Amino acid sequence: MTTTTATNHLSPAFPGRAPWGTANKLRAWQQAAMDRYVQTQPRDFLAVATPGAGKTTFALTLASWLLHHHVVQQVTVVAPTEHLKKQWAEAAARVGIKLDPEYSAGPLGREYNGVAVTYAGVGVRPMLHRNRCEQRKTLVILDEIHHAGDSRSWGDACLEAFEPATRRLCLTGTPFRSDTNPIPFVTYEEGADGIRRSSADYTYGYGNALADGVVRPVIFLSYSGNMRWRTKAGDELEARLGEPMTKDAVSQAWRTALDPRGDWMPNVLRAADQRLSEVRKSIPDAGALVIASDQDSARAYAKLLREITGEGPTVVLSDDSGASQRIDDFSRGDARWMVAVRMVSEGVDVPRLAVGVYATTISTPLFFAQAVGRFVRSRRRGETASVFLPTIPMLLGFANEMEAERDHVLDRPKKEGDEEDPYAESEKEMDEANKQQDEDTGEQDMLPFEALESDAVFDRVMYNGAEFGMQAHPGSEEEQDYLGIPGLLEPEQVQLLLQKRQARQIAHSRRKPDEQADLLEIPAERRPVVTHKELLHLRKELNTLVGAYAHQSGKPHGVIHTELRRTCGGPPSAEATAGQLTERIKKLREWATRMK
């Protein structure tokens, strides 16, 4: 039996245009996933699909098919948040599946086909849901299943509650976690290296969705600048975002940048609002979102946006019914800005969001992917998302890996330097990333520094794995070149336009006298942003190669270093940037090849 005929019984309105955007018929990946499911009829099925691809439509189509063919008699949807369970109930109603999002206990009303609950709710009363599964054949849809691994108690509760279920459908857009907690009902397969990794039954990654035009490409606009802060010991420190620093210094400089009392945040918000104005020329209802770390910062950012735009933004501070309504009102309206704390980072779907500001210090790859996922839902061809970031090595690494597909790793081999691994973040940070509420944690009172001063400098644009642009002051013609990229362009047009803008910027720079260059006027591709550890590794690699070349050529080490500086330019290697070190390594390899 094929899903083409299996879906004929659905209402003509299905899937309709759900709030987060669906196609008028099943997309190719949804149909392929349906075909695979119907052919194999598994009890457990894990579908990994990038945010914005249409996981909800696939799941509800499958639920309708299973109900229609009497494979199951009822449906239970488990979602991460209160807002999302209501969103699921609304979407299911369009298919003719009635889910009760307010269910708490007791018999279910006859008019309902099932319930929509949260992982936290299951954690409180797992036996209630187990009894429901035992009484009637049940399909359980576990949305963003990685949340079942947030704590042992949630995972254990899901296992206890849904072990008797007739069918289980696990969905996720971000299948990896920053910890090694096992995820219930997910199959793990051991690789040749002895590491167990999650195994999906169907995967539809961001790269595939981008090629199919299902999601928007993302332009990342990165801002650097000088930061100054005071430590608890009373020492005043200063650093520039993007320069190699220790992990602690990066954290402190990052927090200084996000302090609303400095100049970095106002300048970045002003640039993001200009970008939004450009996008709204072709997408009139385009909206923008600031993802903040805490309530106080969110309120301060909202005040800045009111001063910049003359319009008060929508502010979402907690996961309650009032917050849910504010999100819905923003989604249906045409207001410019929303400021939210954490909860909008995952699952809350506002398709008109086209511009984002990542104003939080949460640095897990999972949270970053969830956050960027809020901006990639495509409604028409040519739409592009724009996300503003601080020039933090870890974030830029995540941005350049947008198209990489990862599995959840259950085992992690211990190796030297694990503490610097962005995928080995502490469980505490992961808990912070997945909090459903944003109560005042007192975190700001315990910071080991006082932010004193910050400024902003446009640093680079990242797009499709490439980097463009030279540094520029806020409000400059060079910055405006990148903020003014049209909001509707085909992906290859974006790439071509970025190349042209960079070429124009380089030509303009060459016409200026050197003494007027108060910023580092080198193209982004020659200014790699690296960690302190990576810079030490580059210096070590250069010194090793110099030693090998000295043995091969008979020249002293100092002579080789001098020749490299004369050929490539720049200061001694102890003061050289990552880009300069990389160029010298490349040049030295060229010389060594010629000698063979």
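Quantities reported herein were computed from a predicted structural model and do not represent experimental measurements.
Under the side-chain hydrogen bond (donor to acceptor under 3.5 Å, both in side chains) rule, Gln87 has a single partner from His83, Glu90, Lys85, which is His83. Each of Thr172, Leu171, Val78 was compared with Ile145 under the side chain to side chain contact (heavy atoms under 4.5 Å, CB included) criterion, and only Thr172 meets it.
Evaluation of the side chain to side chain contact (heavy atoms under 4.5 Å, CB included) rule for Ala32 yields Tyr202 as partners, not counting sequence neighbours. A search for side-chain hydrogen bond (donor to acceptor under 3.5 Å, both in side chains) contacts involving Arg299 returns Gln295, not counting sequence neighbours. Partners of Thr384 according to the side-chain hydrogen bond (donor to acceptor under 3.5 Å, both in side chains) rule, which considers only residues two or more places apart in sequence or in another chain, do not exist here. Looking at residues two or more places apart in sequence or on another chain, you find a side chain to side chain contact (heavy atoms under 4.5 Å, CB included) between Leu489 and Ile485, Pro486, Gln493, Val494, Leu497. In this structure Arg43 satisfies the salt bridge (Lys or Arg N to Asp or Glu O under 4.0 Å) test with no other residue, sequence neighbours excluded. Listed by chain and number, the residues in a ring pair (Phe, Tyr, Trp, His ring centres under 6.0 Å) with Trp254 amount to none (sequence neighbours excluded). Ala288 pairs by the side chain to side chain contact (heavy atoms under 4.5 Å, CB included) definition with Leu276, Trp337, Val355, not counting sequence neighbours. Val387 pairs by the side chain to side chain contact (heavy atoms under 4.5 Å, CB included) definition with Val218, Phe220, Phe375, Leu389, not counting sequence neighbours. Legend: residues meeting ring pair (Phe, Tyr, Trp, His ring centres under 6.0 Å) with Phe330, ordered by chain and number and at least two apart, are absent.
Rounding to the nearest 0.5 Å places OG of Ser64 at 9.5 Å from CG of Asn113. Rounded to the nearest 0.5 angstrom, Met338 CE and Arg374 CZ are separated by 10.5 Å. For the atom pair OH of Tyr301 and CG of Asp296, the computed distance is 10.5 Å after rounding to the nearest 0.5 Å.
Trp88 places a side-chain heavy atom less than 4.5 Å from the side chain of Leu60. Within the 4.5 Å cutoff, no side-chain heavy atoms of Thr531 are placed close to those of Lys247.
Residue pairs meeting the salt bridge (charged side-chain N to carboxylate O under 4.0 Å, His left out) criterion with at least one member in residues 211-220, sequence neighbours excluded, are Arg216-Glu383. Within the structure, salt bridge (charged side-chain N to carboxylate O under 4.0 Å, His left out) contacts touching residues 105-121 (residues at least two apart or in different chains) do not occur.
Ionic pairing of Arg336 and Asp285 is not present here: no N-O contact between side-chain nitrogen and carboxylate oxygen is shorter than 4.0 angstrom.
Using modelled atom types and a 3.5 Å distance limit, the side chains of Gln39 and Asp35 yield no donor-acceptor pair. Side chain to side chain, Ser331 and Asp328 fail the donor-acceptor criterion of an N or O pair below 3.5 Å. No donor-acceptor contact under 3.5 angstrom links the side chains of Trp29 and Asn208, judged on distance only.
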Listing, residues 163-170 side-chain donor-acceptor contacts under 3.5 Å, not counting sequence neighbours, or none:
{"from": "Glu163", "atom 1": "OE1", "to": "Arg130", "atom 2": "NH2", "distance (Å)": "3.3"}
{"from": "Thr166", "atom 1": "OG1", "to": "Thr138", "atom 2": "N", "distance (Å)": "3.3"}
{"from": "Arg167", "atom 1": "NH1", "to": "Tyr37", "atom 2": "OH", "distance (Å)": "3.0"}
{"from": "Arg167", "atom 1": "NH1", "to": "Gln41", "atom 2": "OE1", "distance (Å)": "3.1"}
{"from": "Arg167", "atom 1": "NH2", "to": "Gln41", "atom 2": "OE1", "distance (Å)": "3.0"}
{"from": "Arg168", "atom 1": "NE", "to": "Asp44", "atom 2": "OD1", "distance (Å)": "2.6"}
{"from": "Arg168", "atom 1": "NH1", "to": "Phe162", "atom 2": "O", "distance (Å)": "2.7"}
{"from": "Arg168", "atom 1": "NH1", "to": "Glu163", "atom 2": "O", "distance (Å)": "3.1"}
{"from": "Arg168", "atom 1": "NH2", "to": "Asp44", "atom 2": "OD1", "distance (Å)": "3.4"}
{"from": "Arg168", "atom 1": "NH2", "to": "Asp44", "atom 2": "OD2", "distance (Å)": "2.9"}

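Using bins of under 30°, 30° to 60° and over 60° for the plane-to-plane angle, the ring pair Phe398/Phe368 lands in the tilted bin.
Among all heavy-atom pairs drawn from Phe58 and Ala47, the shortest one is CE2-CB, 3.9 Å.
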